[in-house]
Structures are given as C-alpha cells and as structure tokens.
Amino acid sequence: PECPQKGPRLLGQLVGRVGLEEKYECILAGIDGEELVEVDTQGNKVRLLGRKEPTAGKDLKTSIQFGLQRKVAQVLAGKLGAAVVTDGEGEVLALYSSPSFNPENPAEALTDANLPLFDRAIGGQYHPGSVFKPIVAIASLEEGEIDKNYTFEDTGVITIDTPYGSFSYSNWYFNQYGGTEGKINLVRAIARSTDTFFYKLGEIVGIDKLDFWMEKMGLTARVSIDIPGEILSLIPSPEWKLKVKGEQWFLGNTYHLSIGQGDLAVTVVGLHRALLAIANGGNLCELGIAKEPECRNLKLGKENIELVKEGMIGACSSGGTGYTFFDFTPQAGCKTGTAETNEDGKTHAWFSVFAPSESPEIMATVLVERSGEGSRVSGPLARELFDYWFHP
C-alpha cells in the first residue's frame with residue numbers, strides 16, 4: 001500500500017532515498033508521536049494540552065530470494081550490467097545492477113566512472129539485438145502473415161535496390177563463418193537467430209504493425225515495478241523518426257528494428273516482461289517486489305505461443321545459439337542477443353532464459369554492457385543462476 005500519511009521528520013533523521021526504502025518510506029519508518037505542552041516562563045512543564053500517539057514502522061515483506069540475490073551479485077561482480085529474475089507471474093526473485101555501492105558511504109560512488117548509482121536494470125536503455133526476435137515472431141504469427149509452414153531461403157545476405165543505391169543486410173553466421181542456413185522455418189530461425197529471416201519478417205509485417213505489437217507486448221509502458229526510477233524503452237516509429245531526426249522511415253530501418261538494432265532501445269525489465277508474456281503462455285504481468293503483480297491475458301493464439309517457445313527451446317538445445325544450456329535439466333527455453341552499440345565496436349551481451357519450458361518456474365534476463373556475444377558472456381552467467389536454483 002502507498003503511504004496513507006507522512007509525519008514530520010526531525011533534522012538529522014534517516015530517510016529512505018532510493019529503492020524500496022524510498023518507495024515505502026513511511027511504512028518502514030512509521031510516524032513520530034507528538035505532545036503539545038504548556039510551560040511557564042522558566043520552561044517548566046505546567047500541563048499536557050494534547051498528545052498524538054506514535055505509529056510504529058512496519059515490516060515489509062518482499063518476494064526477493066536472498067540466496068539467489070546474493071548469487072546474482074556474485075556472477076555480475078566486476079562487470080557493468082544488470083539482471084532480473086522473476087517467477088512466471090512477475091514476482092521479482094532477484095534484481096541487481098552492477099556495480100553496486102556501499103550505502104554507508106555513498107559519497108565515493110559520486111566520482112566512480114562506472115556509475116554505481118545508475119540503476120541499469122530499470123534506468124538504462126540498451127539495444128536488445130537478437131533477444132528481441134521472439135517479439136517479431138509473435139507479431140508475424142498473430143497478424144497471420146506467416147504460419148508454421150512458412151519457410152525462407154537464407155543465402156547469407158539480403159540486398160535491396162533503392163533510388164539511393166543498393167544496400168546489403170547480412171546474417172551473423174555468414175559474417176563470422178561464411179555459412180548459410182538454407183531453407184528454414186520459424187522454429188529453426190529462432191533457434192539459430194537467423195538475421196535474414198527476421199529482416200524478411202519485418203518487411204512482411206511492416207513497421208506500423210510491429211509498433212502495434214511492441215505496444216501490446218508492454219514495451220511502450222513501464223512495468224510498474226515498485227521502486228522509483230524506472231524509465232520507458234525507446235520504441236521508434238516513422239512519426240518518431242520524422243519528429244526527432246527530420247528523416248523519413250526506410251525499409252532498412254525496419255530491417256534493423258526486426259533484429260533488435262537501429263534506434264530501438266529497451267530497458268532490462270521491459271524486455272524481460274515482454275518475453276515473460278511468451279514464456280508464461282500469454283499473460284503480460286507487472287513486476288513486483290513488495291506488491292502482488294497484476295497480469296492481463298493478451299489473448300495470443302496458443303499455437304503461435306507454442307511455436308515461438310519451440311524455437312526458444314531449440315536455442316537452448318544442440319544446434320542452437322544458447323550452448324551453455326544444451327545439457328540443462330529441466331528443459332529450458334532461451335534467446336541470445338548480441339547488440340551493436342556504435343561505441344568502439346563493442347557489443348552488449350544479452351541472455352534471457354526460462355525453465356521448465358512448459359510452465360516456467362523462473363525466468364532470468366542478464367545484460368552485460370559492451371562485453372561481447374550474449375551466448376559467450378551472459379549465457380554462462382544465466383547458467384550459474386539456474387544451476388543455483390534448480391541444482392543447489
């Protein structure tokens with residue numbers, strides 16, 4: 001509950017300024033009592049005119065699992081990044097931004113170049129890269145543009161001719177190894193994270209419907225987590241680009257967005273919630289730490305959800321991109337992401353994973369800034385968290 005009232009604070013009294021302590025300040029601190037006293041000219045008490053009894057502070061029960069929270073802090077130690085772990089209905093089991101700071105001496109954090117006071121989990125916007133692709137897949141299926149029988153021939157590169165010249169858009173597998181996927185369906189494209197497949201999906205669906213589905217999947221709204229400081233994701237559109245950049249929207253912009261690049265920038269908690277809605281069967285949930293999250297059913301087609309989840313299970317199975325989970329039990333579904341940052345050529349590393357695949361007990365999303373590939377950097381960290389939870 002919100003604070004029903006706030007009493008006066010004494011000079012020098014400790015006050016919650018960040019996180020849960022700020023959000024639930026008056027519940028935790030309570031309200032001091034007061035006395036109205038008549039005194040004589042010497043300051044001696046004559047009589048009590050009135051008294052207001054103090055209100056004791058109350059305990060705050062959270063959904064945080066302390067051991068898991070500590071494990072998240074351990075795996076992210078020395079890295080710039082964030083992680084969120086929830087159950088299947090949005091209750092937060094662990095939430096961490098790295099590096100952290102010592103609350104007993106916050107002054108030293110003010111000059112730290114790694115910005116420990118910056119909450120990367122709720123206050124940072126990051127290009128998601130391929131971890132965004134399941135949302136594009138859902139949009140394509142729900143709009144009826146493709147179905148389980150749709151296939152695409154990956155030759156490594158898509159080239160488009162425009163009045164401004166020819167532009168080529170390639171697949172990561174072609175860039176790194178010179179390889180092609182050949183004819184693939186949606187499940188295989190998710191498992192292998194095939195860029196060219198998703199370029200084509202973006203072109204088929206179109207930017208207007210993609211924007212509609214990003215809104216429906218919750219990416220244009222806050223996740224309503226009960227700590228202050230959450231910002232919105234940046235969801236580009238033709239109207240946004242014209243207003244902000246003074247430029248028209250091109251097909252290439254749609255291509256970039258369809259693989260989680262371009263101007264698209266999401267929060268860690270925002271992307272986690274959108275993917276959680278796929279993992280849990282179509283329920284878009286708030287995220288809550290000391291409150292019970294509310295969920296609403298998106299009324300997605302069951303077959304469509306299962307098809308995308310099958311692709312995410314494939315990503316965590318032999319031949320997929322999430323190799324750190326190939327031997328994991330129970331069966332997991334996941335998606336890797338490696339997002340270009342335009343900063344020194346370094347990439348953000350993403351990994352989002354849930355298990356058991358049929359009905360997730362937990363789901364984790366891990367981001368490490370400017371650190372390399374999601375499968376190699378964030379994947380092993382997520383595996384440590386899941387080993388801790390499922391195989392203590």
Joining Ile, Leu, Val, Met, Phe, Trp and Tyr whenever any side-chain heavy atoms lie under 4.5 Å apart, the cluster holding Leu93 also takes in Leu68, Val72, Val75, Leu76, Val85, Tyr96, Phe325, Phe328, Phe351, Val353, Ile362, Val366, Val368, Val377, Leu381, Leu385, Phe386, Tyr388, Trp389, Phe390
Can you tell whether the side chains of [X] and [Y] come within less than 4.0 Å, N to carboxylate O?
X      : Y      : answer
Lys241 : Glu247 : yes
Asp263 : Lys245 : yes
Arg383 : Asp327 : yes
Glu358 : Lys309 : no
Arg51  : Glu53  : yes
Glu142 : Lys216 : no

Evaluation steps, side-chain contact (heavy atoms from CB on, under 4.5 Å), between Ser130 and Lys335
CA-CA 7 Å; Ser130 295; Lys335 189 69 195 75; 3.6 Å; yes
What's the separation between atom [atom1] in [X] and atom [atom2] in [Y], rounded to the nearest 0.5 Å?
X      : Y      : atom1 : atom2 : result
Arg222 : Glu230 : CZ    : CD    : 6.5 Å
Phe212 : Ile207 : CZ    : CD1   : 13.5 Å
Leu300 : Trp213 : CG    : CH2   : 5.5 Å

Check step by step if side-chain contact (heavy atoms from CB on, under 4.5 Å) holds for Val187 and Leu307.
CA-CA 7 Å; Val187 170; Leu307 202 61; 3.8 Å; yes
Under 6.0 Å between the ring centres of Tyr169 and Phe198?
no
Show, in sequence, the C-alpha distance, side-chain angles and deciding distance for Arg120 and Tyr126, and conclude whether the side-chain contact (heavy atoms from CB on, under 4.5 Å) test is met.
CA-CA 9 Å; Arg120 289 166 165 84; Tyr126 302 93; 3.2 Å; yes
Grab the two heavy atoms, one from [X] and one from [Y], that are nearest each other, plus how far apart they are.
X      : Y      : value
Ser378 : Ala349 : OG-O, 2.7 Å
Ala109 : Pro116 : CB-CG, 3.6 Å
Pro99  : Leu80  : CD-CD2, 3.5 Å

Can you label the angle between the Tyr255 ring and the Tyr199 ring as parallel, tilted or perpendicular, going by 30° and 60°?
parallel
Sole candidate of Asn304, Leu201, Val205 that passes side chain to side chain contact (heavy atoms under 4.5 Å, CB included) when paired with Leu141:
Asn304
According to the salt bridge (charged side-chain N to carboxylate O under 4.0 Å, His left out) rule, which pairs have a member within residues 122-134, sequence neighbours left out?
Lys133-Asp195
